[in-house]
Amino acid sequence: MNKILCSTAERIPQQLQAGERVFSYFKGAKRNGVGAIANRWHGTLKRVGFRPSPAVWDFVQFCLAVCSADLASPRNTSADGWTRTIQLTVGLCEPLRWVPLKQHLEEMLKILTGDYWTLIFNDAGAKPPQGDGDYLQNDCVSLLSGGLDSLIGGINLVTEEKRPLFVSQLAHKDSERQRRYAKLLAGTGSHYQWSHGISFKGVRESSTRARSLAFYAFAVLASTKINLPKPQIYIPENGFICINPPLVPGRVSSLSTRTTHPLFIGMLQDVLDELGISVELVLPYRLQTKGEMMRGCLDPEKLRELASDSTSCGRFRTYNRQHCGRCVPCLIRRAAFLAWEPESDTTDYRFPSVVGSDKSGGPDDPMAVALAVLDAKQRGLDRFLGGTLAFASIEERPDYRRVLQQGLAELEAVLVQDQLL
């Protein structure tokens, strides 16, 4: 079992349990073997005027603690090389509010990461920053990653004359792109860029299935700057990626990410509601493919100008900040351009065609996509999907089914163009 403790530096026990990984919130503990979370961020938030409620601040601390546990728990030491057992002790301001949510949270995290979680809550959290609490003029929050979907989401909100407050996770060289998009779309003063700042010595787990929780924590925190009874937080992600159906049998459970899955987002909304945090998580494109998002963009001229500059690749660092052209996110991107305006895709792909491309280790994504397309054709879409849509209501299930069918059709068109099919 992986044991993780997250607390303020002052509340870390003098004697640490053998094998327990410890993190201190918002400042270094200056002790061997103790990691840090978002060092000095608390003071920064106070200086820029944040004054969140204890409920919002505890949600932020909880999400960052989960991210820490995710990073500090290697999968390769587990029995099956993937599924972990994690005991996480989370320091909070108001732990008693969280106790009734324990089972729900453990189930939610299992869906997100595929692991078995045991949560323990205590009162060793940091108090909320006490800034001036002034509001901004924005009327909603929108996640901005530097990717194509979040770019389209931002373009559409601005075109609809909304005033989005953009929130980003700092992401190496994508950070400049995020700033550029936010300034172009919403001017200055409507963008927060933050990092979870988790640092520790030792092996760092690379799968980072819980990383999105930091993104949601930042968005909920940013929503406290909006003077509305229930601000909306837009999560711009196409429906095919939201559901992320396992393309081949080996990609079930957390081997396919659940970051924006409607089931997970629904469970997260339930947590916020139970905590009395008045925000609405919105998946505006959950019933559209990426190609349909591009075709439906409300400012096609701006999309033509920026689309090829956006980032989609799952192996961007592997190829020195260049799109590979063959991973699943790149294939979906190429498929979307093909469904929209093929001539508008000026992305510099390492492999413009999947035929003859180098696998570079890891899963063979073009083969997985090809097998999925063929399987859906041969056995029928419903048998291919199996229980993938079990989460959906009877009313929405046909709409989700249509998105997956259209998403596979878009991917098939790319593989036919590349002469793999």
Side-chain angles (χ1 to χ4, degrees), residues 1-7 12-13 15-25 28-29 31-39 61-91 102-103 105-122 124 169 171-172 195-215 217 244 246-259 261 264 314-318 327-328 359-365 368:
M1 177 183 286
N2 299 278
K3 292 185 177 182
I4 315 292
L5 168 69
C6 297
S7 159
I12 294 173
Q15 266 318 103
L16 302 180
Q17 293 184 34
E20 185 174 43
R21 171 75 72 178
V22 180
F23 291 89
S24 64
Y25 291 127
R31 288 174 58 178
N32 283 337
V34 176
I37 299 172
N39 193 21
Q61 294 188 109
F62 170 77
C63 291
L64 294 180
V66 171
C67 290
S68 303
D70 184 40
L71 282 170
S73 303
R75 291 191 182 275
N76 61 9
T77 58
S78 61
D80 63 358
W82 184 263
T83 310
R84 303 165 296 185
T85 303
I86 300 172
Q87 177 184 290
L88 172 60
T89 302
V90 187
K102 173 180 156 65
Q103 185 177 350
L105 289 163
E106 290 169 350
E107 291 172 1
M108 183 186 81
L109 294 179
K110 187 174 188 296
I111 288 170
L112 181 64
T113 72
D115 304 303
Y116 294 98
W117 292 79
T118 300
L119 297 173
I120 300 169
F121 306 114
N122 65 27
Q169 279 204 79
H172 197 46
S195 168
H196 58 55
I198 297 166
S199 61
F200 61 95
K201 292 180 180 176
V203 178
R204 204 173 177 93
E205 171 55 40
S206 61
S207 61
T208 59
R209 286 292 185 261
R211 183 175 181 268
S212 61
L213 274 181
F215 217 165
N244 206 5
L247 299 174
V248 292
R251 294 190 178 197
V252 295
S253 185
S254 63
L255 292 173
S256 285
T257 58
R258 294 287 180 262
T259 298
H261 195 284
F264 171 72
R315 304 199 177 101
F316 209 44
R317 291 191 183 186
T318 304
C327 67
V328 170
K359 189 161 93 72
S360 77
D364 190 346
D365 286 358

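The shortest distance between side-chain heavy atoms of Ser199 and Asn39 does not fall below 4.5 Å. Looking at heavy atoms from C-beta onward, Leu88 lies in side-chain contact with Cys6 at the 4.5 angstrom threshold. Taking the side chain as every heavy atom from C-beta outward, Lys3 and Thr89 never approach each other to under 4.5 Å. Between Leu112 and Ser212, some side-chain heavy-atom pair lies under the 4.5 Å cut-off. Two residues are said to be in side-chain contact when any heavy atoms from C-beta on lie closer than 4.5 Å; Leu16 and Arg31 meet this criterion. You'll find the side chain of Ser78 stays beyond 4.5 Å of the side chain of Thr85, heavy atoms only.
When atom types are taken as modelled, the side chain of Asp365 and the backbone of Val328 share a donor-acceptor pair closer than 3.5 angstrom. Of the possible polar contacts, none joining the Gln87 side chain to the Thr118 backbone as a donor-acceptor pair under 3.5 Å is found. Side chain of Asn2 to main chain of Ser73: no donor-acceptor pair is present (N/O by atom type, distance under 3.5 Å, no hydrogens or angles). Checking side-chain atoms of Arg211 against main-chain N and O of Leu71 turns up no donor-acceptor pair under 3.5 Å. When atom types are taken as modelled, the side chain of Asn122 and the backbone of Ala124 share a donor-acceptor pair closer than 3.5 angstrom. Asp70 places a side-chain N or O within donor-acceptor distance of the main-chain N or O of Arg209, the cut-off being under 3.5 Å.
The shortest non-hydrogen separation linking Leu247 to Ala368 is CB-O, 3.9 Å. In this structure, Trp117 and Thr113 approach most closely via the heavy-atom pair NE1-OG1, 2.9 Å. Nearest approach of Cys63 to Ala217, heavy atoms of both residues: CB-CB, 3.6 Å.
Annotation: Asn32, atom CG; neighbour count of heavy atoms from other residues, nucleotides and ligands within 6.0 Å does not exceed 12.
Here the straight-line distance linking atom CD of Glu20 with atom CG of Leu5 works out to 5.0 Å at 0.5 Å rounding. The CG atom of Asp115 sits 4.5 Å away from atom CZ of Arg75, with the distance rounded to the nearest 0.5 Å. Here the CG-CD1 distance, from Leu64 to Ile37, works out to 6.0 Å after rounding to the nearest 0.5 Å. From Met1, atom CE reaches atom OH of Tyr116 across 12.5 Å, with rounding to the nearest 0.5 Å. A distance of 6.0 Å separates CG in Leu119 from CG in Leu109, rounded to the nearest 0.5 Å. Taken from CG in Asn76 to CD in Glu205, the straight-line distance is 7.0 Å, to the nearest 0.5 Å.
Every side-chain contact (heavy atoms from CB on, under 4.5 Å) that Ala72 has, sequence neighbours left out, goes to Ile4, Arg21, Phe23, Phe200. Partners of His261 according to the ring pair (Phe, Tyr, Trp, His ring centres under 6.0 Å) rule, which considers only residues two or more places apart in sequence or in another chain, are Phe391.
A salt bridge links Lys102 to Glu106: one of the charged nitrogens lies within less than 4.0 Å of a carboxylate oxygen.
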For side chain to side chain contact (heavy atoms under 4.5 Å, CB included), just list the numbers for Phe215 and Thr259, CA-CA rounded to whole Å, side-chain angles, deciding distance to a tenth of an Å, and then say yes or no.
-> CA-CA 10 Å; Phe215 217 165; Thr259 298; over 6 Å; no
